[in-house]
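This report refers to the structure that appears directly beneath it.
Note that these values count all heavy atoms, side chains included, but never hydrogens, waters or copies made by symmetry.
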Amino acid sequence: MKASMRTAGDWIARHLVLMIGLLVLLYMLTPVFVVVLMSFNQPAGRNTYTFDGFTLDNWTNLCEPYQLCSSVGLSLEIGLLATLVATLLGTLMAFAMVRHRFRGRAAANVFIFLPMATPEIVLGSSLLALFVSSGLAGKLGFWTIFVAHVMFCLSFVVVTVKARLAGMDPRLEQAAADLYANEWQTFWRVSFPLVFPGILAAALLSFSLSFDDFIITNLNAGQEVTFPMFVWGANTKGIPMQINVIGTMMFAIALIVVVVGEFGSRRRGRAVL
Amino acid sequence: MAEPVTAGSEDLVLAGLTKKYGDFAAVDALDLTVPSGSFFALLGPSGCGKTTTLRMVAGLEVPTAGTVTLAGEDITRLKPYRRPVNTVFQSYALFPHLTIRDNVAFGPRRKGVSKREAAAEVNRMLDLVELGEYAGRKPAQLSGGQQQRVALARALINHPQVLLLDEPLGALDLKLRRQMQLELKRIQIDVGLTFIHVTHDQEEAMTMADTVAVMNQGRIEQMGAPEELYDLPRTTFVANFLGRSNLVAGSVTGTAGEEVSVQLDGGTVTAPVERAATAEGKVWVGVRPEKVHLKPAGDPAGGRGNELRDAVVSDVSFAGVSTEYVVRLPSGQELMVFEQNHTSQRRLHSGDRVDLTWAPEHTFLLDAAQDASAGTQFDDE
Ligand SMILES: Nc1ncnc2c1ncn2[C@@H]1O[C@H](COP(=O)(O)OP(=O)(O)O)[C@@H](O)[C@H]1O
Ligand SMILES: [Mg+2]
């Protein structure tokens, strides 16, 4: 009796860290499970927040709610474009700030953090003031959203890529130059493959920040409606179940991108010769 | 052996080479000629500017002043990838994302060698450094010694005119280091390229190199064949950094024919005039510890020319092939004496009274303006 209690105690002691880890994971992933579950929900009445029955209707009639698919389309377009531009600019900035010494470098390092530290509502309203005072009051829409998103994604890209680059020995690039690689070859053969995981992470982060943003977008969108704005609006009259389908899809896509990216960067190393 | 050829046109010549960081000169108006085909060692304590010098030769650092000339061509401002020079980095700097094979093929591929030819050459190189079966691995999967050999193969495959090695053996343990020293030397003789080997290990420099340049605070103190440097150091720094030396203060009393006479505290000694860095005024009288012989005080027999009398043995340590004595002179200064352990010889003990004696031709005279302890603080590195 006593012995069995001791072994049980031992077992718990040995697996304590594992169990805590699982609990934390559960805590983190529960909202995602709820979204996936609700995407198959057939609500009985106006209350859309209880699971009443299983259906595939939400998946097959995805575009049924007015403006849902157009808002997702807009968010995707802006997300991809803003990610592309922010990742490109941010990566170049990170290289400049880690690999080169120039006047104002220390100041640039501080300023890069400002957009991240500033509350979104402040950024959004000051941007709106800027746009309006520049005479763009009537032209708020796709391009003003795009400019705003590139702006706030940029800091995150720079910081993410910089961290990766700072951990990379500059002598690797010097060794490449010593081995007859010019600047272009050094970048593509050595710097880029080694920094790539950082760039990919930055791009994913940018996209999810852009796709997700409500406050800044809402202030600068004019007549346009992005997906978060659609959800916000729909919330007042009862959220359509299709939103959970979109959520599930986004989650699945993110998962695939991360997994593929991980394998891709492992394989790339083997095929450079 | 690759004895330096007479000043050829293929030599690497550094002239007035200077690198300043702010006001601090890491390399200070360095003049140096490295004969083509030689195994050249750049020896100096940590921080004396060895790496900076190599980086300027490789093109990774732009000199503040001076020129680098290789085979008659001024390459001072040439991009690193346009120089027929390759480097084995202190930290190896292997590309972590590439296999050993791709690491070694990197140089030839950038120079436009076809995939197939490069692959054949890589196999030959990996065989040379005995890593053939590791070709498919990543650098992180190799030991330090193996990584070092990959770095060597990656540089050698390009047949550079000059190979720069920046303390390539620094990270290895003693046994592996000795083994790699021999191997490097063998490879250098095999391929016949100019090697510039940077090290702070004086034993390593002396065993491997045809020519050693001793560097201190951004300048070359002295340069020559190892035996030459050891036999006749020209500065106190070289005398202490390369092996060990006894330096006793004295003043020159005169020169008679080929002999310089020096008055010391305990008597007069002489040295050949060609072994005197300075032959007037105050000097340091130098002699290597193993050149000095101890004899019982007052014994007239067994003198070798130069003598210091009435010393006392203050410490004895047995070191196998030899016994190392510390002997105190009447002036209070302590000298080192290494005696070979011949069976016939009587061992001395602490407190024994002795005379020191050595031959004039083993004596050297240095400028007394130099610090007698220069170079000693790096003894145990
Ligand atoms: N980028 C740099 N900025 C400032 N000082 C430097 C820099 N690189 C080297 N130094 C200084 O120059 C001196 C020589 O350095 P180095 O050539 O690396 O010496 P060694 O290789 O002989 O140990 C050192 O005092 C070092 O601190
Ligand atoms: Mg160094």
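Considering only residues two or more places apart in sequence or on other chains, D213(A) meets the side-chain hydrogen bond (donor to acceptor under 3.5 Å, both in side chains) condition with T217(A). The side-chain hydrogen bond (donor to acceptor under 3.5 Å, both in side chains) test applied to S155(A) returns no partner, not counting sequence neighbours.
Of the inter-residue distances, the one linking F95(B) atom CZ with L179(A) atom CG reads 5.5 Å to the nearest 0.5 angstrom. A distance of 4.5 Å separates NZ of K79(B) from CD of E183(A), quoted to the nearest 0.5 Å. From T87(B), atom OG1 reaches atom CZ of R171(A) across 12.5 Å, with rounding to the nearest 0.5 Å.
Dense packing is recorded around NZ of K111(B), with more than 12 heavy atoms of other residues, nucleotides or ligands lying under 6.0 Å away. In the displayed structure, Y21(B) atom OH is contacted under 6.0 Å by more than 12 heavy atoms of other residues, nucleotides or ligands. With a 6.0 Å radius and a threshold of 12 heavy atoms from other residues, nucleotides or ligands, F33(A) has its CZ atom at or below the threshold. No more than 12 heavy atoms of other residues, nucleotides or ligands sit less than 6.0 Å from atom CZ of R82(B).
With a threshold of 4.5 angstrom between heavy atoms, N182(A) approaches chain B through its backbone and through its side chain. With a 4.5 angstrom heavy-atom cutoff, L194(A) touches chain B only via side-chain atoms. With a threshold of 4.5 angstrom between heavy atoms, F89(B) approaches chain A through side-chain atoms but not through N, CA, C or O.
In this structure, D169(A) and P96(B) have side chains that are not in contact, with every pair of non-hydrogen atoms separated by 4.5 Å or more.
Between the side chains of R55(B) and Q174(A), at least one donor N or O sits under 3.5 Å from an acceptor N or O. For the residue pair Q185(A) and Y81(B), no side-chain donor N or O sits within less than 3.5 Å of a side-chain acceptor on the partner.
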Would R189(A) and R110(B) count as a side-chain contact (heavy atoms from CB on, under 4.5 Å) if you check the C-alpha gap in whole Å, the side-chain angles of each, and the deciding distance to 0.1 Å?
CA-CA 10 Å; R189(A) 302 261 169 200; R110(B) 300 292 84 72; 3.4 Å; yes
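Of all non-hydrogen atoms in A175(A) and A93(B), the two that sit nearest each other are CB-O, 3.9 Å. Across every non-hydrogen atom of F106(B) and A181(A), the tightest pair is CE2-CB, 3.8 Å.
Applying the side chain to side chain donor-acceptor pair (under 3.5 Å) test to every pair with at least one member in residues 90-107 of chain A, sequence neighbours left out, gives these pairs: R99(A)-E173(A).
For residues 145-163 of chain B, a heavy-atom distance under 4.5 Å to chain A picks out R154(B), N158(B), given by residue number.
Listed for the N86(B) side chain is a donor-acceptor partner under 3.5 Å among the backbone atoms of D178(A).
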